[in-house]
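A note on names: the letters A, B, ... follow the listed sequences, proteins ahead of strands, and every chain is numbered from 1.
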Amino acid sequence: MKNDQIAECFELLADLLEIQGANAFRVRAYRNAARTISSTAESISDFSTQGGDLTEFAGIGRDLAKQIQEIVSTGQHAQLEELKKQVPSGVLDMLRIPGVGPKKVAVFFNELHLTSLDELRAAAEAGVIARQKGFGKKTEEAILKNIQMATEASARISIAEARAAADGIVEDLLKLDGVKQASAAGSCRRRKETCGDLDILVSCDDSDVPMNALAAHPFVSEVLQQGDTKQRVRLKSGVELDLRVVPEESFGAALQYFTGSKEHNVVVRGLAKDLGLKVNEYGVFRGDQQIAGRTEQDVYAALGLPCFPPELRENRHEFALAAAGPLPKLVTLEDIQGDLHMHTTASDGMGTIAEMAEAAKARGLKYIAITDHSKRVSMANGLDASRLRQHWKEIEKVRESISGIEILCGIECDILEDATMDLPDDVLAEADWVIAVLHYGLKQPREQIMKRLMCAVTNPHVDIIGHPTGRLVGRREGADLNIVELLKAAADHRVMMEINAHPKRLDLDDIHAALAKEMGIPIVISTDSHTVNGFDVLTFGVDQARRAGLTCSDVANTRSLKDFRSLLK
DNA sequence: GCCGTTTTCGGCCCGACTGTTTTCAGTCG
C-alpha cells in the first residue's frame, strides 16, 4: 500500500465528514494526517507492518494510528466505506465547483436530494437552487457557469508554465507608473513542481493601476473578481491568478503571507501568538502598533526567525533547522559547474556533440557528459556496443577541438525488465560516466523493480541512477519502489542519485532528495537535454534541490571536474 | 482528532470577497 493511497483515504474521509457537518478541526486533523503521510518518504505501510509507532509522525495520534493500521492490514477503512454508502460520489464532485463548499453541498444533498453534477445542473436550470434559504439568483448562475469546470479535471500547471506566466506578468506590472514593487508569491514562488493557481503581489498607492493593467494583459481572458485590494482573473491558459495590492509598508508582510505555504504560516502565526504578537498580511503587530512589515526579513526577524528561502516554507524541517542554528545556504543555479545527462543526434537528440558542448560552454558550464540512449530504447535510436564505441571516438575528437569545456564519454544505459543491464560490463567499464535508468516495465511488481535497481546499484560500473522512479509529473506514477532500500544500497555502493531537472520529471522529488541527502548520497542535478536549448531547465532542478534543503556540498556537480571525479567509485 | 513545560481540557491563523443579508455565512487562500 502506497503512502498516497492511505492519504487519499483520509482526504476522502475529510470531504465526507465535512459534508456531514463534522467538527471543522476534526476534519482538519484528517487533512493534516493525509499531508504528513503523502510527504513522508518511507513507506507508512511497511513502517506499520513492522510494528513502528505511527504516533511519532506529526498530526497522527492514537486514533489515526489505529485507522492507518486498519487500512494497511485490511486494505480498506470501515468507516470510510460506510460513509461512501451514505454519500454518493456525485455529491463529492460538487465540492470541485468553484464557490461551492461543504455547507452548500450539504444543502444540495440533504434538502434537495441531489446526487450528481447533472442533477445539480438540472435543479439550477429549473430555478430550484435560488429558492433555497441563503441562496439567490447569483449563486444559481455561478453554479451553472462553474459546473463545467468541475466536470473537467482541474489540471495543475507545471512550474515551468507557472513561472513563464507569473514572471512575465510581474515584469509588465513593474513597468507601470506608481508600481513600486511586484513579485510572484504562492506555490510558484515556493517552486512547487506544479501550481493550481498563481499569486502576484504589488505595492502601489492606486490599486486601479495594476488592476486595470492586469485586466487588459494579453495573458488574461476574464476578470472573475475585483475588490479594493484583491483581483482574481482567469488566464487564457485556463489558470486563475490572484493579484493583491498592498501599501509599501506592508509589502514584506503580504509577500510572506501570500507565499505560504498555509502550513508554514500556521506555525508562524502560532509562534507570533506565543510572543504576544499578531501577524497578518499587513504586518506584525503588538496591539495596534505595527512593528514590522516592509520586508520579509523584518517580519521574520520580529518573530526571532531567519528569513526562510521560499522553497523551504512547507513546515517540514525549516523550523527545526532554524532552531538548530543559521539556515544552511541552499544550492543556486550559479553553483552548477557541470551537466551530466544529455543526448545528441547519435540517439534522439537534436544537436551534435560539438553543438551541445558549445551551448553548454556558452552557459558557463565547465564540463558535460554525453549520455545517449542504449540499444533497448530502439525508438530513440539507442546505441549498441559497437555504435557506442564509435560514438565515444567522435566525442574524443570534439574534445580535442574545443577548449574551455571538458566532455565525458557517457551512456544512459537501460536496466532491462529481466534485471540485467542493456550493455555488457566490458563496454560500461570503458565509459567515463554511466547513468542507469528504468524506461520500460515500470508497472512491474515492487520485487522485480527492486531487483532491477539492485542489479544497477551493485554493478561496479554504474555511477548514478537517473530519474529513479520514472514518474512523469501529473501524468504517470513512478515505479513501485522501496526508496529507503534503494538509497541504502546506493549509499553502500557509492552510487549517486539524479535530480532530473526536466519539469515533466523532477525525479528525484524533493522528499526523496532530502532523504538521499540525509543518507549522504551525492546528488547530481542534470538537464537530460535533447537540444541546445535543453539546458534552460536546469533552474527547475535546482529549485527542486532547494526544496529538499540541498546545499553545494550535497550536489556533486557543483564541484570542479577534478573534485567531482574524486567522488566516483 | 491532535496537542501539550501557562497540559489531559480547551484551544486549533486570519482576512478579503461575494451574495444574501440588514449583520452575517460561506468560501477561498
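Nucleotide B/dT18 holds its C1' atom 17 Å from the NZ atom of A/Lys137, rounded to whole Å. Atom-to-atom, CD1 of A/Ile37 to P of B/dG1 comes out at 14 Å; the value is rounded to the nearest Å. Going from atom CZ of A/Phe285 over to atom P of B/dC13 covers 19 Å, rounded to whole Å. The nearest whole Å value for the distance from the CG atom in A/Leu277 to the P atom in B/dC14 is 12 Å. Put simply, CG on A/Leu303 is 13 Å from P on B/dC14, counting in whole angstrom units. Remark: C1' of B/dG19 and CD1 of A/Ile129 are 15 Å apart, rounded to the nearest angstrom. Rounded to an integer number of Å, the gap from A/Gln256 CD to B/dC14 C1' is 12 Å. The nearest whole Å value for the distance from the NZ atom in A/Lys278 to the P atom in B/dC14 is 8 Å.
Between A/Thr139 and B/dT18 there is no side-chain N or O to OP1 or OP2 distance below 4.0 Å. Contact annotation: A/Asn265 side-chain N/O to B/dC13 OP1/OP2 distance is not under 4.0 Å. Note on A/Arg26: a side-chain N or O is less than 4.0 Å away from OP1 or OP2 of B/dG1. Residue A/Arg31 places none of its side-chain N or O atoms closer than 4.0 Å to OP1 or OP2 of B/dG1. Residue A/Lys66 places none of its side-chain N or O atoms closer than 4.0 Å to OP1 or OP2 of B/dG1.
Spacing between B/dA25 and B/dT21 at atom C1', rounded to whole Å, works out to 9 Å. Distance noted for atom C1' between B/dG19 and B/dT23: 13 Å (whole Å). If you take atom C1' in B/dC28 and the same atom in B/dT22, they sit 24 Å apart, rounded to whole Å. One C1' atom belongs to B/dG11, the other to B/dC17, and the distance between them is 28 Å to the nearest Å. Separating the P atom of B/dT6 from that of B/dC2 is a span of 24 Å, rounded to the nearest Å. Using P as the reference atom, B/dG26 and B/dT20 are 14 Å apart when rounded to the nearest Å. Between the C1' atoms of B/dT8 and B/dG15, the separation comes to 33 Å (whole Å).
Pairs of residues two or more places apart, or lying in two chains, that qualify as side-chain hydrogen bond (donor to acceptor under 3.5 Å, both in side chains) and include a residue from residues 501-512 of chain A are A/Arg316-A/Asp510, A/Thr469-A/Asp507, A/Asp510-A/Arg547.
In this structure, A/Asn32 reaches neither bases nor backbone, as no heavy-atom distance under 4.0 Å exists between it and the strands shown. Here A/Asp63 lies in heavy-atom contact (under 4.0 Å) with sugar-phosphate atoms only.
Salt-bridge formation is detected for the pair A/Arg163/A/Asp543: a Lys NZ or Arg NE/NH1/NH2 atom is positioned less than 4.0 Å from an Asp or Glu carboxylate oxygen. Of the charged side-chain nitrogens involved, at least one lies within less than 4.0 Å of a carboxylate oxygen, so that A/Glu18 and A/Arg31 count as a salt-bridged pair.
In this structure, A/Phe285 and A/Val279 have side chains that are not in contact, with every pair of non-hydrogen atoms separated by 4.5 Å or more. The side-chain heavy atoms of A/Val202 and A/Val209, taken from C-beta on, include no pair separated by under 4.5 Å.
Residue-to-nucleotide proximity on DNA chain B shows that, of A/Ala142 and A/Asn23, the 5′-proximal contact is made by A/Asn23.
Surrounding CG of A/Asp177 are at most 12 heavy atoms belonging to other residues, nucleotides or ligands under 6.0 Å away.
Looking at the side chain of A/Asn280, the nearest of the listed nucleotides B/dG1, B/dG15, B/dC17 is B/dG15.
Not a single donor-acceptor pair under 3.5 Å links the side chain of A/Arg191 to the backbone N or O of A/Phe540. A/Thr295 places a side-chain N or O within donor-acceptor distance of the main-chain N or O of A/Asp298, the cut-off being under 3.5 Å.
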### Summary
Under a 4.0 Å heavy-atom criterion, the protein footprint on nucleotides 21-29 of chain B, written with B, S and -, is S----SSSB
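Pair assignment for B/dC2 gives B/dG11, based on Watson-Crick or G-U wobble hydrogen-bonding distances that are each under 3.5 Å.
Checking A/Tyr30 against A/Glu11 by side-chain atom types alone, no donor-acceptor pair falls below 3.5 Å.
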